[in-house]
Amino acid sequence: MLKGRLAVVTGSTSGIGLGIARGLARQGADILLNGFGDAELTRSLCTQISEEFHVRVLHHGADMSSAEQIRNMITYAVNEFGRLDILVNNAGIQHTATVDQFPEERWDAVIAVNLSSNFHTIKAALPHMKARSWGRIINVASVHGLVGSMNKSAYVAAKHGVVGLTKVVALETAQTGISCNAICPGWVLTPLVQRQIDDLAARENITNEQAQARLLGEKQPSGDFATPEQIAELAVFLCSDSAAQIRGAAFAIDGGWTAQ
Ligand code: NAD
C-alpha cells in the first residue's frame, strides 16, 4: 500500500515509534528512523527492518529539542530519498513532579521535545508534501492530550498542545491531499512506561507485576496495555486512501481510559 513512499518517524529507535516504523515498512514504505541509541543499535535496526520488509531504511540522530537539527533531518530525508510523504511525530519524554516542585529546565525540555518539535518538523516537511499534493502527518499525542493527571504538568500541557496543533494543521491543509491527525495512546508497555513502573515498585516496595497492575488499575479500565503494533495499525490506516477525509481527529487507543 505504501510502496514508493518515504516515512520519517521521530523517536523510532524504541517503543511506539519503532512499532510504527515497522508497521509502515511492512506496507512497503521506505523509512527514516530517528532517535537516540549507539551506532551499533541504530545500524542493526536499519538492517533488520530493511531485510525483513525489503525497503530502504536510514537513521538520522537529530535531537528533537533542536529546531536546527530538525531542519537538517528533513533536508537529509529529502536529499537521500528524493521525497517526504509521511511524517510521524512520536519522540517524547516524561518528567513527573508537582507543579511547585517541577524543575524549570525539565519543563523546557518536555515542551521542546513533545510539542515544539512537532511544529518544527511539520513546518519543514509541509513544502515537500505540497509539492506532490499528498501527505500524511500523524502526531503521537497521548490520553494526556485529552485529560490531565497529577504530577505531569509539562507532559499534559505539551500533549494538549499537540492535539491543538493537529487541528490547526488539518484546517490549513483541508483542501489538499495532506491530512493531519493525532493518536492518543493510554498505557503502552515501553521503556518510557517501564521507568514509571520501576519508580512505583521501588517507592512502594512492591514487585514489577504489582506495580503494573496498580498503574493500569488506576486509569485503564481494560486492565491491559495497548501495544505498539496496535498503534502502528491505526497509523497505517491513517495513511490509506480510505482515511483521506479523516482530518484533525484525535484517536484514543486507551483501554477505556478517556471513556470514564
Ligand atoms: P520510548 O522512551 O520507548 O521511546 C522514545 C523515543 O524517542 C526513543 O526512540 C528515544 O530515543 C526518542 N527520543 C527521546 N528524546 C529524543 C530527542 N530529544 N530527540 C530525538 N529522539 C528522542 O517512549 P514511548 O513510550 O515509545 O513513547 C513514544 C511516544 O508515545 C511519546 O511521544 C510518548 O509521549 C507517547 N505516549 C506513550 C505512551 C506509553 O504508555 N508508552 C502513552 C501515551 C503516549
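In each ligand, atom 1 is the first atom listed, and ligand 1 is the first ligand listed.
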How far is [atom] from its nearest protein heavy atom, and which residue and atom name does that atom have?
| atom | answer |
| --- | --- |
| atom 12 (C) of ligand 1 | G11 CA, 3.6 Å |
| atom 5 (C) of ligand 1 | G92 O, 4.0 Å |
| atom 11 (O) of ligand 1 | F36 N, 2.9 Å |
| atom 43 (C) of ligand 1 | P185 O, 3.2 Å |
| atom 21 (N) of ligand 1 | G35 CA, 3.6 Å |
| atom 36 (N) of ligand 1 | Y155 OH, 3.5 Å |
| atom 24 (P) of ligand 1 | T190 OG1, 3.5 Å |
| atom 32 (O) of ligand 1 | N90 O, 2.7 Å |

Quick check against the 3.5 Å criterion: does [X] have a side-chain atom that pairs as donor or acceptor with the backbone of [Y]?
| X | Y | value |
| --- | --- | --- |
| K219 | T258 | no |
| S65 | V113 | no |
| D254 | P185 | no |
| T42 | A39 | yes |
| R247 | T173 | yes |
| H59 | G35 | yes |
| N34 | G11 | yes |
| S50 | R56 | no |
| W187 | L215 | yes |
| T190 | I16 | no |

Proximal atoms of ligand 1 relative to [X] (non-hydrogen, under 4.0 Å):
| X | value |
| --- | --- |
| I93 | 14 (C), 15 (N) |
| T13 | 8 (C), 9 (O), 11 (O) |
| G15 | 3 (O), 26 (O) |
| D63 | 17 (C), 18 (N), 19 (N) |

*Taking atom types as modelled, find out whether N208 and Q194 have a side-chain donor-acceptor pair closer than 3.5 angstrom.*
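N208 vs Q194: donor-acceptor pair found between side chains.
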*With a 3.5 Å cut-off and no angle check, do the side chains of S222 and D224 form a donor-acceptor pair?*
no
What do you reckon, does [X] put a non-hydrogen atom under 4.0 Å from ligand 1?
| X | answer |
| --- | --- |
| Q94 | no |
| S117 | no |
| A62 | yes |
| K159 | yes |
| N34 | yes |

State whether the shortest distance between N or O atoms of [X] and N or O atoms of ligand 1 falls below 3.5 angstrom.
| X | answer |
| --- | --- |
| V188 | yes |
| G17 | no |
| V143 | no |
| S14 | yes |
| G186 | yes |
| W187 | no |

Does [X] approach ligand 1 within less than 4.0 angstrom via side chain, backbone, both or neither, non-hydrogen atoms only?
| X | value |
| --- | --- |
| A226 | neither |
| V193 | side chain |
| H60 | neither |
| N114 | neither |
| L192 | both |
| F225 | neither |

*May I ask you to test the M129-L84 pair for a side-chain heavy-atom distance under 4.5 Å?*
yes
*Report yes if the side chains of V168 and L171 come closer than 4.5 Å at any heavy-atom pair, otherwise no.*
no
*For side-chain contact (heavy atoms from CB on, under 4.5 Å), just list the numbers for L33 and V9, CA-CA rounded to whole Å, side-chain angles, deciding distance to a tenth of an Å, and then say yes or no.*
CA-CA 6 Å; L33 295 173; V9 186; 5.6 Å; no
*For side-chain contact (heavy atoms from CB on, under 4.5 Å), just list the numbers for Y155 and S149, CA-CA rounded to whole Å, side-chain angles, deciding distance to a tenth of an Å, and then say yes or no.*
CA-CA 9 Å; Y155 188 85; S149 289; over 6 Å; no
*Mind checking whether Y76 and H60 have parallel, tilted or perpendicular rings, split at 30° and 60°?*
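Correct class here is tilted.
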_Nearest non-hydrogen contact with atom 22 (C) of ligand 1 belongs to which option: A252, A91, A141?_
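Among A252, A91, A141, the closest heavy atom to atom 22 (C) of ligand 1 belongs to A91.
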